[in-house]
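Take a look at the structure below.
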2 protein chains.
Amino acid sequence: MDLDTVRTFVVAADAGQFQEAAAELAVTQQAVSKRIAALERNLGVRLFTRTPRGAELTIDGQAFLPHARELLRVTERAVASVRTGHRPLRVDVIASRGAATGLMRGFHRAHPEIDLDVVMLFDIERAVAAIRSGAIDASFRAVAAPGRPLPEDIASVRVLDEPLQLLTGSAHVLAGARSVPLAQLAGHRIWMPGLTPGTEWTAYYDDLVAEFGLTIEATGPNFGSDALLDTIADTPALATFMGGQTRLVWPAGHGLRLIPVTDPTPVYPHSLLWHRDNPHPALAGLRAHLDATAAGDDAAGTWAPGWVLPR
Amino acid sequence: MDLDTVRTFVVAADAGQFQEAAAELAVTQQAVSKRIAALERNLGVRLFTRTPRGAELTIDGQAFLPHARELLRVTERAVASVRTGHRPLRVDVIASRGAATGLMRGFHRAHPEIDLDVVMLFDIERAVAAIRSGAIDASFRAVAAPGRPLPEDIASVRVLDEPLQLLTGSAHVLAGARSVPLAQLAGHRIWMPGLTPGTEWTAYYDDLVAEFGLTIEATGPNFGSDALLDTIADTPALATFMGGQTRLVWPAGHGLRLIPVTDPTPVYPHSLLWHRDNPHPALAGLRAHLDATAAGDDAAGTWAPGWVLPR
DNA sequence: CGTCACCACAACCACCGGTTGTATCCCTAG
DNA sequence: CTAGGGATACAACCGGTGGTTGTGGTGACG
């Protein structure tokens, strides 16, 4: 199916006749006739009843019309998403399951009129490069790369400290605990598939491991969170870390347990980065929204690596 | 833009390489390469970075991808809307501003998983024919055509009596009234543009006029409700009838008044019609929803033509 | 009953979009 | 270091889609 054909259908339906539609589309009447005929052939139904005074929609045509309009609207948004110049606010998040996604959803709910696009870049280095080049407008990143301060032209603000929790199956030895001290996790198998070397996530967990003597297995490819949840649920000796903001949806009967970690609670600090000179009007809105909704986090009793962005 | 091209983009993005996408789409790798190149040329941005081991999305490509998926989803729904067999529930309403639209919105809110299409047919005769032919699944119609009972195979149930109210501008002589008796409207100019001869609306108002001695002008084409509202707001001696369920949105400062009519209150009775043998699974859901939400209307003090469908 | 406005069909032709064949690149195995 | 495999891009070719012009048919209206 061709979007030009769909547009032709909509214009013809609005005009009530092919001739006027042809004029509007700057083609001949015969071309419109052929386009509509081809669309009807593809769909297998008659869309117009032709009369000597024009063409009016059949019932099928009436039913199809709003879908055709929606198609054109979506097309316009799709094209706008890559238009240089005034395009939707483009924000990078660190992972689809992380807290940043929830923050963006909250912003979208508060300001549904602002068009957003979400991308996921590999690491902070590329995120900073993308911000400086203008390819993205902002990035939710947890941390500066260890030892590398942010460039002068990048601004940042810490927006959320996400406490990590332990996810276990119901047969796990810690499944019944209401909370577990971080030091007590030493010796337990903790599995974090998909930790790619070179990313901040990995650097974060490397620090966590070094400081508290945990063992984290990053082996195996990441088959998606469903597969991870299945494995955790079925393996008594296995656990994993999960952001405390995550909204999990799992089938009933899985019996998964999400256990807070204490003394200290490891938190993953999310900061918003942006270019000081970025003129996108929606960026200010996003910053204002985050400022307004940011919970006054209490840093006491929490842990984060020393190299994260300051508050 | 071509939807095959968009589909190619999505498949290639999921596969991570053109070759596999080509196999899935049953075309050659060169065809995929050309399609993507054409899409990139049309959009003016690079969507993939080509590597010797495949192709991965650029930032622009990542931003475009969800829009492309949405485009395919909408396309599928559009095609399904005219598919013979299992297509969305197709319901005819009498006018986009009427109460039936509100009922359908309520149904959609209660059951967002049920796909709906709304059409507007000219009069009850065509609606009944469309129901019998299977072109539509149900129809909100106010009335049987005077003197013509419904065919045996059409079932009906009265779902809502919509009280008519008087709409005036702020300078109208009745603008200050909290309510107005129907008999008192005799002598006032009431304007109902767009009343087409042969429809039930027109038959309804003809009866109303005959029984209570009103004068209703149906002159002039219907330029849309915005134009109607403008005229009503600006003309002190003019009023119109409007369904009591209508949610009006007008610019501030118009100063329009919506005044209940009493002694009796003319009500427009909406009934749902459907074919007794219609097997569409969503039809039962719609009927159940309407049964459950139907307010227990009080017929006392209301008026409707004698020839409407019985309760 | 002729004219007008509109749509459909036929013939023609350009160009889009597919295929086959080939070059190039990079990673990897030997 | 080299050969091979797997990936993309470019070139040449060609058929069919989709445009145009020209023409015919049909219902409404004066």
Side-chain angles (χ1 to χ4, degrees), chain A residues 1-58 60-62 64-65 68 71 75 122 196-198 221, chain B residues 1-58 60-61 64-65 68 75 122 196-198 221:
Chain A
M1 188 153 43
D2 181 14
L3 287 169
D4 273 339
T5 306
V6 175
R7 183 166 292 108
T8 304
F9 167 75
V10 171
V11 171
D14 288 343
Q17 57 180 43
F18 291 2
Q19 201 128 159
E20 191 180 325
E24 190 162 331
L25 296 167
V27 294
T28 60
Q29 165 265 318
Q30 289 88 333
V32 172
S33 179
K34 277 175 79 169
R35 283 185 188 176
I36 301 292
L39 184 60
E40 289 175 329
R41 185 158 30 82
N42 282 337
L43 294 174
V45 296
R46 197 148 252 269
L47 296 172
F48 287 97
T49 56
R50 279 76 163 173
T51 76
R53 277 202 320 221
E56 66 182 25
L57 289 172
T58 63
D60 281 316
Q62 281 191 48
F64 186 70
L65 181 57
L71 212 39
T75 301
F122 180 73
T196 320
Chain B
M1 188 155 40
D2 181 14
L3 288 169
D4 273 339
T5 306
V6 174
R7 184 166 291 108
T8 303
F9 167 75
V10 171
V11 172
D14 288 341
Q17 57 183 37
F18 291 3
Q19 197 120 207
E20 190 180 326
E24 190 163 330
L25 296 167
V27 294
T28 60
Q29 164 266 320
Q30 289 88 334
V32 171
S33 180
K34 277 175 79 168
R35 283 185 188 176
I36 301 292
L39 184 60
E40 289 176 328
R41 186 157 30 81
N42 281 338
L43 294 174
V45 297
R46 196 148 252 270
L47 297 172
F48 288 97
T49 56
R50 279 77 162 172
T51 76
R53 279 204 318 227
E56 65 182 26
L57 288 172
T58 62
D60 281 318
F64 186 70
L65 181 57
T75 303
F122 180 72
T196 322

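Protein chains get the first letters and strands the later ones, always in sequence-line order, with residue 1 at the start of each.
Residue B:Gln17 is in sugar-phosphate contact alone, with no base atom involved, counting any heavy-atom pair closer than 4.0 Å across all strands shown.
In this structure, CG of B:Asp4 is placed 13 Å from P of D:dT17, rounded to the nearest angstrom. We find that CD1 of A:Ile36 is positioned 15 Å from C1' of D:dG19, with the value rounded to whole Å. One interatomic measurement links the two molecules: CE of A:Met1 to P of D:dG18, which rounds to 13 Å at whole-angstrom precision. Atom CD of A:Glu56 is separated from atom C1' of C:dC7 by 14 Å (rounded to the nearest Å). The separation between A:Phe48 atom CZ and C:dC6 atom C1' is 14 Å, rounded to whole Å. Here C:dG18 presents its P atom at 14 Å from CZ of B:Phe18, a figure rounded to the nearest Å. Between the CG atom of A:Leu3 and the P atom of C:dC16 there is a distance of 18 Å, rounded to whole Å.
When each of A:Ala38 and A:Pro52 is assigned the nucleotide of DNA chain D bearing its nearest heavy atom, the one mapping closer to the 5' terminus is A:Ala38.
Annotation: the span from A:Asp14 atom CG to A:Glu20 atom CD amounts to 9.5 Å, rounded to 0.5 Å. The structure places CZ of B:Arg50 at 8.0 Å from CG of B:Leu47, a figure rounded to the nearest 0.5 Å. One distance of note links CZ of A:Phe64 with CD of A:Gln62; it measures 14.0 Å at 0.5 Å rounding.
Taking side-chain N and O atoms only, A:Arg35 has no distance below 4.0 Å to OP1 or OP2 of D:dT17. OP1 and OP2 of C:dC7 both lie 4.0 Å or more from every side-chain N or O belonging to A:Ser33. For C:dC4, the OP1/OP2 oxygens have no side-chain nitrogen or oxygen of A:Arg53 closer than 4.0 Å.
A:Phe9 places none of its side-chain heavy atoms less than 4.5 Å from the side chain of A:Leu71. A 4.5 Å side-chain heavy-atom check between B:Gln19 and B:Val32 finds every atom pair outside the cut-off. Using a 4.5 Å cut-off on side-chain heavy atoms (C-beta onward), A:Val27 and A:Arg35 make contact.
With A:Thr49 contributing its side chain and A:Thr58 its backbone, the two residues share no donor-acceptor pair below 3.5 Å.
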At a cut-off of 3.5 Å, list every protein nitrogen or oxygen paired with a nitrogen or oxygen from nucleotides 20-25 of chain D, distance to 0.1 Å.
| residue | atom | partner | partner atom | Å |
| --- | --- | --- | --- | --- |
| D:dT20 | OP2 | A:Thr28 | N | 3.2 |
| D:dT20 | OP2 | A:Thr28 | OG1 | 2.7 |
| D:dG22 | O6 | A:Gln30 | NE2 | 2.5 |

